[in-house]
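Small disclaimer: the values here were computed from a predicted structure and weren't measured.
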Amino acid sequence: MDAHEHGFGNHLLIALPALHDANFERSVTLICQHDGDGAMGVIVNRPSEYTIGEILRQMGVECGDDALGQRPVLSGGPVHPERGFVVHDGGRGWDSSLEVGDGLYLTTSRDVLEAMARGEGPPQALVALGCAGWGAGQLEQELVDDSWLLVPSRRDVLFDLPLAQRWQAAAGTIGVDLVNHASHSGHA
């Protein structure tokens, strides 16, 4: 069963200004899977200290593409920070690929990185270390508590915009200006 058949899969989870958790403050997370057991996603707007070239070298994979090698690896979240996650498009599936929705995939296997190094990888891809996870009902409660804004996923936000612009731009896709959003919330 595909991830997008359940709940919030293939949506962007945007941290509202009131969220003061160092792991998620001002973050944009692509929800890759969501069902009754919980949710899993990858933060798509935080650079790690690594580049793709450094990761490929650590894997023993040669990369002749300097532009690819200089691209930042993202800090995808606090869960499994040692594991690689590749968010990508393209019609081809790789080992350990999950369809997030609408031709967007999450792959955790080495073969997609090897293909990228050879120039045979997906047309657009983000490489991240770590992911984010929520237990059953946790994400739903955090949405009720006004910690997050949920919007449909947009490829331009994922792949085209500079990392620093993704937080505001993701919210802007539904007309929300986070810069002028109150940093506290309340319920009547």
Side-chain angles (χ1 to χ4, degrees), residues 1-16 24 26-47 52 68 71-77 79-80 83-134 136-140 142-143 147-176 178:
M1 191 170 288
D2 290 336
H4 64 283
E5 291 178 22
H6 286 109
F8 307 139
N10 199 25
H11 280 75
L12 297 175
L13 190 64
I14 305 158
L16 288 173
F24 296 104
R26 294 180 63 103
S27 67
V28 178
T29 304
L30 173 66
I31 300 298
C32 298
Q33 186 170 25
H34 176 245
D35 58 28
D37 295 326
M40 178 270 177
V42 175
I43 297 173
V44 298
N45 68 326
R46 284 230 175 106
I52 292 177
L68 175 66
R71 286 181 27 204
V73 171
L74 302 177
S75 180
V79 179
H80 303 300
R83 274 187 77 185
F85 296 85
V86 181
V87 174
H88 61 89
D89 66 357
R92 178 177 171 199
W94 306 88
D95 293 341
S96 303
S97 286
L98 168 74
E99 185 176 3
V100 174
D102 300 325
L104 189 64
Y105 298 88
L106 175 70
T107 299
T108 58
S109 56
R110 175 184 177 105
D111 63 332
V112 70
L113 291 170
E114 291 171 340
M116 288 169 64
R118 292 190 308 269
E120 299 169 3
Q124 296 180 302
L126 302 174
V127 177
L129 291 173
C131 66
W134 293 264
Q138 182 182 0
L139 180 55
E140 291 84 348
E142 290 179 12
L143 284 162
S147 296
W148 303 101
L149 182 65
L150 189 69
V151 303
S153 177
R154 296 260 312 247
R155 287 176 194 250
D156 59 336
V157 173
L158 290 174
F159 299 118
D160 299 338
L161 292 176
L163 298 180
Q165 294 178 16
R166 292 179 184 179
W167 184 64
Q168 179 64 32
T173 64
I174 61 166
V176 174
L178 292 174

- [ ] Nearest 0.5 Å please: distance from the CZ atom of Phe159 over to the CG atom of Leu126.
- [x] 5.0 Å
Open item on the list: For the CD atom of Glu99 and the OG1 atom of Thr107, what is their distance to the nearest 0.5 Å?
Closed with: 11.0 Å
- [ ] Report yes if the side chains of Met116 and Val127 come closer than 4.5 Å at any heavy-atom pair, otherwise no.
- [x] yes
TODO: Determine yes or no for a side-chain-to-main-chain donor-acceptor pair under 3.5 angstrom, with Asp111 supplying the side chain and Asp95 the backbone.
DONE: yes
Open item on the list: Working to the nearest 0.5 angstrom, can you tell me the gap between Trp148 CH2 and Glu142 CD?
Closed with: 6.5 Å
Task: Working for side chain to side chain contact (heavy atoms under 4.5 Å, CB included), residues Arg46 and Ser27 - done: CA-CA 7 Å; Arg46 284 230 175 106; Ser27 67; 4.1 Å; yes
Task: Nearest heavy atoms of Leu98 and Cys32, plus distance in Å - done: CD2-O, 3.7 Å
TODO: May I have the step-by-step check of side chain to side chain contact (heavy atoms under 4.5 Å, CB included) for Ile43 and Val28, ending in yes or no?
DONE: CA-CA 6 Å; Ile43 297 173; Val28 178; over 6 Å; no
- [ ] Taking all non-hydrogen atoms of both residues into account, name the closest pair between Val79 and Gly133 and its distance.
- [x] CG2-N, 3.9 Å
Task: Heavy-atom pair of closest approach, residues Ser153 and Leu30 - done: OG-CD1, 3.7 Å
Open item on the list: Any non-hydrogen side-chain atom of Val100 less than 4.5 Å from a side-chain atom of Val87?
Closed with: no
- [ ] Look at the aromatic rings of His88 and Trp94 and report parallel, tilted or perpendicular, splitting at 30° and 60°.
- [x] perpendicular
Open item on the list: What I'd like to find out is whether the side chain of Phe8 reaches to under 4.5 Å of the side chain of Glu140, using heavy atoms alone.
Closed with: yes
Task: Test log, rule side chain to side chain contact (heavy atoms under 4.5 Å, CB included), inputs Leu74 and Leu163 - done: CA-CA 9 Å; Leu74 302 177; Leu163 298 180; 3.7 Å; yes
- [ ] Output yes when a side-chain donor or acceptor of Asn10 lies under 3.5 Å from a complementary backbone atom of Leu104, and no otherwise.
- [x] no
Open item on the list: Donor-acceptor pair, distance only, cut-off 3.5 Å: does the side chain of Gln168 make one with the backbone of Leu178?
Closed with: yes
TODO: State, to 0.1 Å, how close Cys131 and Val42 come at their nearest heavy-atom pair, and which atoms those are.
DONE: CB-CG2, 4.5 Å
Open item on the list: Distance check, rounded to the nearest 0.5 Å: Asp89 atom CG versus Asp102 atom CG?
Closed with: 12.0 Å
Open item on the list: Using a 6.0 Å cut-off, check whether atom CZ of Arg110 has over 12 heavy atoms from anything other than its own residue.
Closed with: yes
Open item on the list: For Leu158, is there any backbone N or O sitting under 3.5 Å from a side-chain donor or acceptor partner on Arg166?
Closed with: yes
Open item on the list: Could you report the tightest heavy-atom contact between Phe24 and Ala132, atom names first, then the distance?
Closed with: CE2-CB, 3.7 Å
TODO: Nearest 0.5 Å please: distance from the CD1 atom of Ile174 over to the CG atom of Leu12.
DONE: 10.5 Å
TODO: Any chance you could measure Ser75, atom OG, to Asn45, atom CG, to the nearest 0.5 Å?
DONE: 10.0 Å
Open item on the list: Is there a side-chain contact between Val112 and Tyr105 in this structure, where contact means two heavy atoms from C-beta onward sitting under 4.5 Å apart?
Closed with: no
- [ ] List the atom of Pro123, the atom of Gly90, and the distance in Å for their closest heavy-atom pair.
- [x] CD-CA, 4.1 Å
Open item on the list: Apply side chain to side chain contact (heavy atoms under 4.5 Å, CB included) to residues Leu13 and Leu139 and explain how you reach the verdict.
Closed with: CA-CA 10 Å; Leu13 190 64; Leu139 180 55; 3.5 Å; yes
TODO: Would you mind reporting whether Met40 and Phe85 have side-chain heavy atoms less than 4.5 Å apart?
DONE: yes
